[in-house]
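Read through the structure below, which is laid out as structure tokens, and then see the notes.
Just so we're on the same page: letters track the sequence lines, and every chain starts at 1.
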Amino acid sequence: MENNDLVTITIDDKTLQVKNRTTVLEAARSAGITIPTLCHHEAVAASGACRICIVEMSVEKRGRTVSWMDASCVYPVHEGLVIKTDTPKVRKQRKLILELLLSRAPRSERLLELAAEYGAETGRFESVNQGRENCILCGLCEKVCKYSIQANVISMAFRGVKKKVTAPFQTGSSLCIGCLACYNVCPTGAIKYVIEGNRLKMPAWDADVKMQKCTECGALYAPSEYIKELKKKAPGLKKDVLSKCPACRRKIFKAGTPA
Amino acid sequence: MDKIIKKKDLDAFKEKGNRLLFADSVKIAVQAGTCGIASGAQEIFDFLSGQVSSGKFVLSRTGCIGLCKREPMVNVSVPGSVTVVYADMTKKLTEELLKSWIKGETPVKNSLMTLDDALYANPLKDLKLPSGHAKYRDIPFYKKQEKIALRNSGFINPHNLSEYIARGGFYTLFDVLNGQDSDKIIDEIETSGLRGRGGGGFPTGRKWRSCRNAKGDKKYVICNADEGDPGAYMDRTVLEGDPFSVIEGLAIGGYAIGANEGYVYVRAEYPLAVETLKQAIETARNHGLLGKNIFGTDFSFDIRINRGGGAFVCGESTALMASIEGNVGEPRTKHIHTVESGLWEKPTTLNNVETWANVPAVVNMGGSEFRKIGTKGSAGTKVFSVVGDIVNSGLVEVPMGMTLKELVFGVGGGIPGNRKLKAVQSGGPSGGCIPADKADIPIDFDELVKVGSMMGSGGLIIMDEDTCMVDVARYFLSFLVDESCGKCTPCREGTYQLKQILDRITRGEGKPGDLELIEEIAQVTKDCSLCALGKSAPNPILSTLTYFRDEYKAHIEKKKCPAGVCKALITYTIIPEACTACGKCLKSCPASAIEGGKKVAHRIIPEKCTKCGICFDVCAFDAVKKV
Ligand SMILES: Cc1cc2nc3c(=O)[nH]c(=O)nc-3n(C[C@H](O)[C@H](O)[C@H](O)COP(=O)(O)O)c2cc1C
Ligand code: SF4
Ligand code: SF4
Ligand code: FES
């Protein structure tokens with residue numbers, strides 16, 4: 001069967017046809033069904049790490065029903081797949097996964113929101129304080145930095161509960177361009193940044209980069225290295241467009257200067 | 001170097017090999033696998049090396065023949081006689097016995113047995129059985145073993161290609177490449193019922209067929225020699241004792257699925273295995289058995305070695321492939337199978353060392369012959385490393401279908417000190433504990449799963465009545481907590497929290513509800529983890545909870561460890577009436593926690609006692625009590 005062929009599946013009693021090998025998560029979303037996710041982001045390939053998106057699946061095999069749990073964000077659909085996204089078992093298992101994650105990230109707003117929805121309790125488990133506060137090791141920051149930005153500043157180090165995201169050798173990194181992609185994808189708000197004077201600092205990676213002044217109004221608007229990168233990636237843009245802050249840029253566009 | 005192209009070239013090597021194996025002079029072969037060397041084989045080898053210039057004997061080395069408990073071992077053959085294996089050897093004994101050996105005599109001192117079994121027979125002529133020695137099948141340890149994967153280990157020189165060829169090696173590859181089509185070989189493997197020996201027991205033929213049928217311009221075969229299970233050394237022994245069998249297996253597999261490149265992923269902690277394999281690959285290459293146009297046919301095939309850093313999870317197929325690619329060794333979801341998209345996204349067949357070592361034998365004897373060995377669902381034999389509370393610890397290969405009991409009490413010689421068997425742990429760290437009253441089940445992939453354990457790769461830990469099952473579960477879980485890659489939540493956090501609870505229970509801080517909580521976490525870890533490490537990690541807890549729940553309860557409710565293992569839950573006291581004031585315990589106590597004097601009954605000072613148990617062991621009057 002090729003990937004463009006349609007297959008028939010059932011999600012929460014709705015029968016639908018979707019392309020072979022689309023993920024269960026995509027299929028569910030197309031049917032208007034919400035499944036919680038943490039480590040899934042459009043910007044990077046799904047890894048199936050957090051397991052919050054688990055669903056119950058089953059197929060008929062030789063007259064018997066075989067069912068199992070799996071992560072919907074990575075599971076590719078196939079003919080005859082029956083999916084249940086919100087059974088008592090699914091809810092119970094998501095609740096426990098949340099409790100396990102809360103033992104590591106007790107103050108994450110997103111987790112607390114989901115905890116309320118699934119009745120997850122805090123305090124049933126010992127707290128785990130091996131890595132960064134509130135980090136659930138979803139891996140999104142690492143992947144976006146490596147594959148989308150291609151800056152390769154951070155990666156996972158160590159194994160098991162000792163695992164953490166860090167710059168090489170757990171020291172600060174001079175490679176960070178301050179793009180804040182990691183900050184933006186982080187589901188738990190574990191990555192923070194501050195602007196002090198003309199520097200942008202990200203304590204998580206010990207990054208400290210210079211902010212660029214707008215050639216028009218003089219406002220600090222983005223890290224210099226980031227602008228350099230953007231210029232490299234979009235060579236077609238008229239050079240000085242990126243040297244101006246967004247507000248000034250808008251003014252210029254309004255005045256009809258072509259980009 | 002002379003290339004092997006025609007059958008007559010193989011025949012020439014065979015003849016040479018037989019002359020080496022069954023020498024016309026006195027021949028001494030030291031069993032120098034890692035296990036042998038660890039118990040002193042190198043010293044014996046070095047001593048003999050110093051004597052060899054006398055010209056009175058030839059010196060060789062071989063791998064391990066399985067009975068590790070009795071190493072160092074030395075195989076001695078005198079002209080016209082069957083080889084004698086000497087056990088528990090030392091340099092001094094070697095020096096002494098050498099005087100007789102070079103005279104063509106084989107004294108019975110330290111003799112273990114003769115290699116008179118059909119497996120080791122001289123194909124050219126009958127040899128005389130030296131008198132006074134035990135025969136191979138007289139030894140309970142070997143009586144019921146059946147060697148296929150270990151057919152050559154401990155007998156041939158692993159570095160010598162002609163000795164391997166003399167044992168029939170590479171003839172199978174020759175026949176396969178000259179005239180058999182690849183589908184026929186896969187048919188043969190499928191008929192044989194061979195299932196993977198690395199853990200999962202997946203049917204090898206089916207795996208090969210899918211890989212053969214998968215679309216791809218390039219395909220790979222890989223040998224998994226990561227062997228990360230604590231206490232397991234089946235694969236190491238095969239690589240150290242018979243590396244050519246793995247090379248031949250990989251070449252046959254490569255031909256069958258259409259791959260020209262093979263990898264052996266072997267852990268770097270196995271330096272001797274790596275070195276032996278490296279040399280064997282080079283030798284095979286030099287003689288044209290690897291490389292371009294093997295045996296003058298269109299088939300080209302070569303093998304590379306990849307050394308792993310010793311992470312247990314890198315034995316998992318997708319993590320292993322990521323590691324070969326140079327990425328972090330973390331598993332990925334396998335919804336697209338590695339036979340379709342494996343190493344560098346090409347169709348890949350991964351099999352375990354023992355599986356590959358079986359391949360030439362299976363093809364040679366034919367699938368239906370192989371299927372006759374073992375049980376309906378599990379054909380052939382299985383190699384186990386038997387360790388723990390067992391008389392004959394070592395490496396055994398037994399036909400599937402033998403009962404666990406037979407393996408423990410027959411082959412293994414039972415439990416030392418006539419203590420009772422409590423449980424057998426099979427399947428590696430994420431296997432299960434099978435209680436003594438279930439030990440009459442046959443060794444079989446599916447039967448082991450039915451009782452909550454699994455075959456795994458062949459680690460077998462025998463536990464006597466002095467074993468605390470909560471402590472055992474905690475031990476295996478600790479290993480898995482350390483080895484979890486940490487990618488997915490249930491395995492990373494779930495195993496850790498399970499271990500925290502077990503830690504508490506063994507410290508005497510168990511609470512009502514703990515067992516239910518354990519079961520809740522275990523279920524999620526089993527159902528929702530990404531790879532088989534997490535999915536199977538709860539097995540040690542779940543199996544011990546099934547069969548030894550009362551032991552858990554005693555820890556939690558009564559704060560007692562029935563086996564007397566968990567230190568926080570036991571106390572040592574001296575019974576004054578029984579104490580003769582001999583002073584032995586006082587002298588032995590490393591914590592100076594015992595007071596007493598001449599004719600004064602001794603007493604343990606609880607605050608100082610570290611519960612090491614030495615006083616308990618040394619007291620000759622049974623005056624120390626453990627409660
Ligand atoms: C955590 C983990 C560790 C494993 N370690 C090994 C290993 O050390 N050696 C091995 O052959 N298979 C190991 N396996 C099994 C492999 O993933 C794979 O199934 C096997 O190598 C396939 O070969 P087989 O079909 O010949 O058994 C491991 C699996 C898991 C999940
Ligand atoms: S810092 Fe945020 S994005 Fe990065 S791994 Fe942790 S939770 Fe995920
Ligand atoms: S189950 Fe464990 S070893 Fe496997 S991916 Fe998850 S964390 Fe890693
Ligand atoms: S969202 Fe699917 S595993 Fe994390």
Check whether B/E330 gets within reach of chain A through its side chain, its backbone, both or neither, counting any heavy atom under 4.5 Å.
side chain
Axial cation check for B/Y496 ring with B/R492, 6.0 Å and 45° limits:
no
Ignoring hydrogens and angles, tell me if any N or O in the side chain of A/N134 forms a donor-acceptor pair with the backbone of A/R107 under 3.5 Å.
yes
Could you tell me whether a side-chain N or O of A/R21 sits under 3.5 Å from a main-chain N or O of A/H78, the two making a donor and an acceptor?
no
Below 4.5 Å, heavy-atom pairs only: which of B/G494, B/C485, B/P490, B/C491 has the largest tally toward chain A?
B/C485
Has B/R267 got its NZ or CZ under 6.0 Å from the middle of the six-membered ring of B/Y270, at an angle within 45 degrees of the ring axis?
yes
Examine whether an atom of B/I521 lies under 4.5 Å from a heavy atom of chain A, and if so say whether it belongs to the side chain, the backbone or both; otherwise answer neither.
both
So, the part of B/T525 with a heavy atom under 4.5 Å from chain A: the answer is neither
I need the residue from A/I136, A/I54, A/L96 with the largest number of non-hydrogen atom pairs under 4.5 Å to chain B.
A/L96
Mind checking the CG-CG spacing from B/L477 to B/D503? Nearest 0.5 Å is all I need.
9.0 Å
Under 4.5 Å from any heavy atom of chain B, what part of A/L100 do you find: side chain, backbone, both or neither?
both
Counting only heavy atoms closer than 4.5 Å, note whether A/I97 contacts chain B via side chain, backbone, both or neither.
both
Contacting region of A/S103 [heavy-atom separation from chain B under 4.5 Å]:
side chain
So what's closer than 4.5 Å to chain B heavy atoms on A/L38: side chain, backbone, both or neither?
neither
Measure centre to centre between the rings of B/F312 and B/F479, then say whether the value is under 6.0 Å.
yes
State plainly whether the residues B/K334 and B/E316 are in salt-bridge range, i.e. N to O under 4.0 Å.
yes
